[in-house]
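Remarks on the structure that follows.
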Amino acid sequence: MERTRTPVVSGWFTEDGPDGAGFRLLGTRCSACAAVFFPREDAYCRNPHCPGDGLLAEVPLSPRGRVWSYTDGRYRPPAPYVSDPEAPWEPYTLVAVELEAEGMVVLGQTVPGVTVADLAVGAEVEVVGGVLNEDPDTGTVWTTWRFRPTGGSA
Amino acid sequence: MSADIAVLGAGMHPWGKWGRSFVEYGRAAARTALADAGLEWSDVRSIVGADTVRSGYPGYVAGATFAQALGWQGARVTSVYAACASGAQAIGAARAQILAGLADVVLVVGADAAPKGFFAPAGGDRPDDPDWLRFRVLGATNPAYFGLYARRRMAVYGDTLEDFAQVKVKNAAAGALNPLARYRKPVTAEEVADSAVVADPLRLLDICATSDGGAALVLSSMDFARSRGVADPVRIRAVSTVTPTYPRTVLDLPDIATDSVTAVRPAPGSFRASIARAAYEEAGLGPGDLSLAEVYDLSTALELEWYEDIGLCAEGEGAKLVREGATALGGRVPVNTSGGLASFGEAVPAQAIAQVCELTWQLRGTAGDRQVPGARAGITANQGLFGHGSAVVAVR
Ligand SMILES: [Zn+2]
């Protein structure tokens, strides 16, 4: 069966960065007040102090940030998280990252193989593309974002 | 004009896994609270139900569901949903009706029959729902968020796993004295350390369970209380249901990201601290006046954060407080004298009401072996998914 790569949520990231830098998370930015939103907010600006009448334009988010905190999931989460109930549970690592320019904290899974032992609050990470899960019935490869330590210290 | 209302009655159905409908727990709690108040259900002209998203439609319209279970008698009805803050919003709605003169006496009820294990979002594919998305895209359970807060405290303040365990030891000791609690066995620090890691750094005994349970209050105007011969009732002096302020910079359930700081500089202080601050301002008292507090210990580490947010100590000093024993029974300001969620588990719409039940018994001096001597004032603190604040100040 042909395999189709499909973002787990459309419009949240791109694998073709505007400057050829590859994978980037995508948010929106209000032209009236400069507030940035992720997940993208396309309907209205949520800043109560916004002068209004702004346009929300798509904007790539900082490719790097610092670890705000991290944890892992030692038990299988419930649906709609997709995992094979027949396979032994492999814990994933979650990291909350404070993005450089936006000062917002974004939650994501790390790339496979990175555990909590590899992370520290304040350490630098970068965002990269990854695969969340594959659906063998439809051949769909659901893509997502992942965070990977750059080796930069806290 | 005094903004106080009276707590005439308090009642609970014991917490546990009983395998029955939430309606049964709510009805039992309501009847206990009515008996405690010395009132008949037919004396009550308004009922407010705290909703649960489980159990289908009856859960979404809990006020009417409880009214039907108690027997239709024509009372005004209100149903409120605010996740973990549902109980506080129910109390807030009842208080508004009493202070506006719409009702003299109001019955407030919350109950739940929670599933075992992790809470999960409502069914169906709902990619517009942040609660659905955090599970689908990240597998981020509630304990994952608690783990993030705990790890952050360790990095920023130097809290240790032993500090977290001490909270469980303290709350289990109080819960062992509470016949309404689900878990009534003392727990040692070693038992916490030996329990399985759920979401690093938190272990099974650091995280509260899901439970069945119910709680109810009979609230009235001060005039109504006096007319019933209750001269000196426990009084509710403040109910805080505030939302966060933009930009919200601490990641919170069920969001995948915080607000950006590109447009507005964040105000100092946390959302959780603002919940308590609003309650103190409304009540005209402060943390120094407290005899005790009931806070939402979804995890042991989170209880330490609440110490700071309700002003028992400065930011970062929560662990010091538990190490000193200040928040244990017999300490300077006991916290979670009921045993907290550590001993009860979560029965979501009931919990904020149950916190006020505990304040009521403590302020009446009827809390038995866990009584705080001479208790005069207490605060409850809690927070509901999607930015619902919840705090109640009660005094005697
Ligand atoms: Zn704006």
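Here is the naming used below: chain letters follow the sequence lines, and residue numbers restart at 1 for every chain. All values reported here derive from a predicted model rather than from experimental measurement.
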Under 3.5 Å: donor-acceptor pair, side chain of B/Asp200, backbone of A/Thr71
no
Begin from the C-alpha positions of A/Val121 and B/Arg152 and carry the test side chain to side chain contact (heavy atoms under 4.5 Å, CB included) through to its verdict.
CA-CA 7 Å; A/Val121 170; B/Arg152 176 87 185 161; 3.7 Å; yes
Heavy-atom closest pair, residues B/Val137 and A/Val9:
CG2-CG2, 3.8 Å
Reported CZ-to-OG1 distance for the pair A/Phe38 and B/Thr258, which is rounded to 0.5 angstrom:
11.0 Å
At their closest point, which heavy atom of A/Ala79 faces which heavy atom of B/Pro121, and how far apart are they?
O-CD, 4.0 Å
Go through B/Val197 and A/Tyr75 one step at a time and tell me if the side chain to side chain contact (heavy atoms under 4.5 Å, CB included) criterion holds.
CA-CA 9 Å; B/Val197 174; A/Tyr75 290 82; over 6 Å; no
For B/Leu148 and A/Leu94, work out which heavy atoms get closest and say how close.
CD2-O, 4.5 Å
Would you please classify the geometry between the B/Tyr246 ring and the A/Phe37 ring as parallel, tilted or perpendicular, with 30° and 60° separating the classes?
tilted
Closest non-hydrogen contact found for B/Ala257 with A/Pro39 is CB-CD, 4.4 Å
Would you say A/Met104 and B/Asp259 make side-chain contact, with heavy atoms under 4.5 Å?
no
Is chain A contacted by the side chain of B/Tyr145, its backbone, both, or neither, given a heavy-atom distance below 4.5 Å?
side chain
Is it the side chain or the backbone of B/Leu133 that comes within 4.5 Å of chain A heavy atoms, both, or neither?
side chain
Begin with the C-alpha distance, continue with both residues' side-chain angles, and end with the deciding distance and a verdict on side chain to side chain contact (heavy atoms under 4.5 Å, CB included) for B/Leu251 and A/Leu107.
CA-CA 8 Å; B/Leu251 191 68; A/Leu107 192 57; 4.0 Å; yes
Is B/Ala140 in contact with chain A via its backbone, its side chain, both, or neither, using a 4.5 Å heavy-atom distance?
both
Going from CG on B/Leu138 to OG1 on A/Thr144, what distance comes out if it is rounded to the nearest 0.5 angstrom?
6.5 Å
I'd like to check A/Pro80 versus B/Trp132 (side-chain heavy atoms, cut-off strictly below 4.5 Å). Are they in contact?
yes
For the CZ atom on A/Arg76, are there more than 12 heavy atoms of other groups (residues, nucleotides or ligands in this structure) within a distance under 6.0 Å?
yes
Are B/Arg136 and A/Trp142 in a cation-pi contact, defined as NZ or CZ under 6.0 Å from the six-membered ring centre and within 45° of the axis?
yes
What are the two closest non-hydrogen atoms of B/Thr262 and A/Ala35, and how far apart are they?
OG1-CA, 3.5 Å
If you round to the nearest 0.5 Å, how far is CZ of A/Arg74 from OG1 of B/Thr141?
12.5 Å
Count the heavy atoms belonging to other residues, nucleotides or ligands that lie under 6.0 Å from CD of B/Glu315, then report whether that count exceeds 12.
no
